[in-house]
Protein chains: 2
Amino acid sequence: MITLKDIGRIAGCDISTASRVLNGKPCRVSEEMRDRIHETARQLEYLPNRTASSLANGNTRTVGVLIPNVFDGVYAEYLERLETGFTAAGYAVRPFICHNRPEKENAALDSLLRNEVDAMIAMYYSFDCRDRYERISRSRQPLIFRCVNEIEELPFDTVRMDLTEGYGVLASHLADMGCKRIAVVGGSVASLLACGGNSIPLGYFRAACKARGIAVGPECGIVSGDGQDEAYEAVSRLCKGKSAPPFDGMIVQSTNRVFGVCKALLDAGFRIPETVKAATFSDLSVCRYSPIPVTVWAQPVEEICRALTEATLARLEHPDSPPRKMEFQSTLIIRKSTNPERNA
Amino acid sequence: MITLKDIGRIAGCDISTASRVLNGKPCRVSEEMRDRIHETARQLEYLPNRTASSLANGNTRTVGVLIPNVFDGVYAEYLERLETGFTAAGYAVRPFICHNRPEKENAALDSLLRNEVDAMIAMYYSFDCRDRYERISRSRQPLIFRCVNEIEELPFDTVRMDLTEGYGVLASHLADMGCKRIAVVGGSVASLLACGGNSIPLGYFRAACKARGIAVGPECGIVSGDGQDEAYEAVSRLCKGKSAPPFDGMIVQSTNRVFGVCKALLDAGFRIPETVKAATFSDLSVCRYSPIPVTVWAQPVEEICRALTEATLARLEHPDSPPRKMEFQSTLIIRKSTNPERNA
DNA sequence: GTGAAAGCGCTAACAG
DNA sequence: CTGTTAGCGCTTTCAC
């Protein structure tokens, strides 16, 4: 490995001079010296050791993105957009894929605490990691939240979106389209429903159903793992041997499950949208381009990313400004999977 | 930030003792000392600064993954599987999303050269970055290639897969299913075809077509950007005003385009698979669960990831062992998009 | 203009 | 058993 020492030795100057020149520091160095340094750096193919510079100057010009997975297309999209935005601002992005596992989330947060990244954007968070979040809030390091519920009292910048409201909007829409029995397919939300529990999204769901006179019971929660295969299995099991579908409206928690759900219904001999209707969250391109395009509660990914990027950069610039709270609205995009009249 | 100095001061010992204890170094330290150190570390919520340890001991326990994007589901899958494998082995994974941009690829490779990661797995590479690859080969740092063509003379561990052969296999399959005019929709491959050029995948494609008596001309290359929207546009443009499809077989370069292609055909009034058949690469779950399941040339992602992980760990352990060359076979999975008799 | 020197936080060889 | 010391490669004052 070529170090500053090498280039100093060869160019015939001190390493501090070499450092100054190569970092373009505003100081008066003779033309010849400067050229000589640049030249030998070029010849030796010198690459500064970032670990060492990070240690010396206490920053990394890297922002972390804490994300549950990239297998769900919407997170892939978030990640790529953030990448683009931060690259433009001279920051690298370092994804931390946490798979909903608290120990990984903790590890990611530790990276911030250890100054491995200058800031962290949390695209989700779990309650189990509260300690770390509080600690980060005490340490006053830049943490920016994308959140779906009110993030309680933590003094972070937050970009809030109305995902949970979507359960109400989609339920109302399905009811408007004539559905009488609506199920929720997914993980956490569905399993709370199945066991008679409550939560913010379920509150919206139940209120919407109640307003339209639709009964909601634990059987409306269809629990499945995150993936088309698991969703297919879960719904197939439910349809087995039935001549009519057990539900005529399905709210599916993620794009990662919606095609499994639809295929299970089709394979069971039911028709979408005539007999059963299905809707989901996040407007991924597959939802638009599937042979049966899917109705979605669409979060404005691009704007959210802009807000996240901007908030992060602002926080980095002004560590002591008061926390910003931003909100974003989703839109209902109606497609064929819930409306026979749509061609798309 | 709490440092070793703090814990040494409070526990009443030298920082080196604290370092030894906290790293579980095999050395004889008195029980009380050890306990005191652990205790104060716990109380102060000490987190070692990884930048500093990396600098001091010259490794990061991190492996980089150079990847074109995560928006294409197959790369998302690669990334998540590698994540899992390396986490189990005690290594962190750091994705470098390069968007097919040489400057980003160079930056990723520089991270290896600068020892920001202990090893790098290149999921693809571009010719423009040859310099860096040669330099890495000289520096003898661990770089593992996943490649689709013979990687020339560079002495790296390689995991080769037969993606290019897929163009031949899919063409033969489409011909067997009765196709007479086969198009290739995509980026590089399609545009070379469109301008009459040649390449390894095109070689396979042309040979297969020739063997079945199918004519191939520049019009068979349908160029589109990476995404369903672009693919939809490109194919729609081609179909506009036509009562019969211009092609009866489509080989689509990526899952990221195949739904756009299919929807364009459907919207133009053509039927899949009756009038036009379509096939692609990578067996993503959306291909299985789309209302019209898609025929694919399926790379064995799981095995490849296992091989990549293992090769990387082996290389890290034995930096001087001779380079390993591994090969993996894909399989043709025939589904409804090319075969009317399939239900899936 | 340029060099000497201290220091970022941690590790590891060497003493004692 | 534990402390002293010398780095890792770079940045940044402060002198000359």
Side-chain angles (χ1 to χ4, degrees), chain A residues 1-38 40-41 44-62 110-118 139 141, chain B residues 1-38 40-41 44-62 110-118 139 141:
Chain A
M1 167 176 253
I2 304 297
T3 73
L4 270 190
K5 192 145 67 176
D6 296 314
I7 98 110
R9 182 168 42 76
I10 302 205
C13 68
D14 190 79
I15 76 166
S16 59
T17 309
S19 168
R20 278 184 292 239
V21 169
L22 294 173
N23 287 313
K25 281 284 146 61
C27 73
R28 306 112 329 167
V29 180
S30 68
E31 281 291 308
E32 322 96 77
M33 187 79 268
R34 192 198 318 283
D35 291 349
R36 203 138 34 95
I37 289 172
H38 277 128
T40 73
L44 300 185
E45 302 187 308
Y46 170 72
L47 277 181
N49 179 322
R50 303 250 295 152
T51 309
S53 2
S54 293
L55 183 60
N57 66 19
N59 67 240
T60 58
R61 304 251 350 141
T62 299
D110 284 349
S111 294
L112 176 58
L113 256 1
R114 293 151 175 245
N115 297 304
E116 287 182 64
V117 294
D118 294 348
S139 80
Q141 282 172 293
Chain B
M1 165 176 254
I2 306 295
T3 72
L4 271 190
K5 192 144 72 180
D6 298 312
I7 99 106
R9 181 168 43 73
I10 302 202
C13 68
D14 190 79
I15 76 165
S16 60
T17 307
S19 166
R20 279 186 291 240
V21 167
L22 293 172
N23 287 312
K25 279 285 146 59
C27 72
R28 302 108 337 159
V29 180
S30 68
E31 281 291 306
E32 321 97 77
M33 187 79 266
R34 194 197 318 282
D35 291 349
R36 201 139 35 95
I37 290 172
H38 277 128
T40 70
L44 300 185
E45 301 187 309
Y46 169 71
L47 275 181
N49 179 322
R50 304 249 298 151
T51 309
S53 2
S54 291
L55 183 59
N57 66 22
N59 67 242
T60 57
R61 303 241 7 129
T62 298
D110 284 348
S111 293
L112 177 58
L113 255 3
R114 291 150 176 248
N115 296 303
E116 287 182 65
V117 294
D118 294 348
S139 80
Q141 280 173 296

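Everything numeric here is computed off the predicted structure, so don't read it as measured data. Lettering of chains follows the sequences in order, A, B, ..., and the numbering in each one begins at 1. The basis for the numbers below is simple: all heavy atoms, side chains too, and nothing from hydrogens, waters or symmetry mates.
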Next on the checklist: Need the bend value for the helix from C:dG1-D:dC16 to C:dG16-D:dC1: angle between end axes, 5 pairs each end, nearest 10°.
Outcome noted: 50°
How long is the straight-line distance from [atom2] of [Y] back to [atom1] of [X], given to the nearest 0.5 Å?
X	Y	atom1	atom2	result
A:Glu45	A:Thr40	CD	OG1	12.5 Å
A:Asn23	A:Asn57	CG	CG	8.5 Å
A:Met33	A:Arg20	CE	CZ	11.0 Å

Checklist entry - Under a 4.5 Å cut-off applied to non-hydrogen side-chain atoms, are A:Arg50 and A:Thr62 in contact? => result yes
Item to check | A:Glu116 and B:Asn49, any side-chain heavy atoms less than 4.5 Å apart | outcome: no
Could you tell me whether a side-chain N or O of [X] sits under 3.5 Å from a main-chain N or O of [Y], the two making a donor and an acceptor?
X	Y	result
A:Asp14	A:Ser16	yes
B:Asp6	B:Thr3	yes
B:Arg34	B:Val21	no

Atom [atom1] of [X] and atom [atom2] of [N]: how far apart are they, to the nearest Å?
X	N	atom1	atom2	result
A:Arg36	C:dG1	CZ	C1'	12 Å
B:Glu31	D:dC1	CD	P	10 Å
B:Ile7	D:dT2	CD1	P	13 Å

Distances under 3.5 Å between nitrogen or oxygen atoms of protein and nucleotides 8-12 of chain C:
unit_1	atom_1	unit_2	atom_2	d
C:dC8	O2	A:Ala56	N	3.3
C:dG9	N2	B:Ala52	O	3.4
C:dC10	OP1	B:Tyr46	OH	2.6
C:dC10	OP1	B:Asn49	N	3.3
C:dC10	OP2	B:Leu4	N	2.6
C:dT11	OP1	B:Asn23	ND2	3.2
C:dT11	OP2	B:Ser19	OG	2.7
C:dT11	OP2	B:Asn23	ND2	3.2
C:dA12	OP2	B:Lys25	NZ	2.9

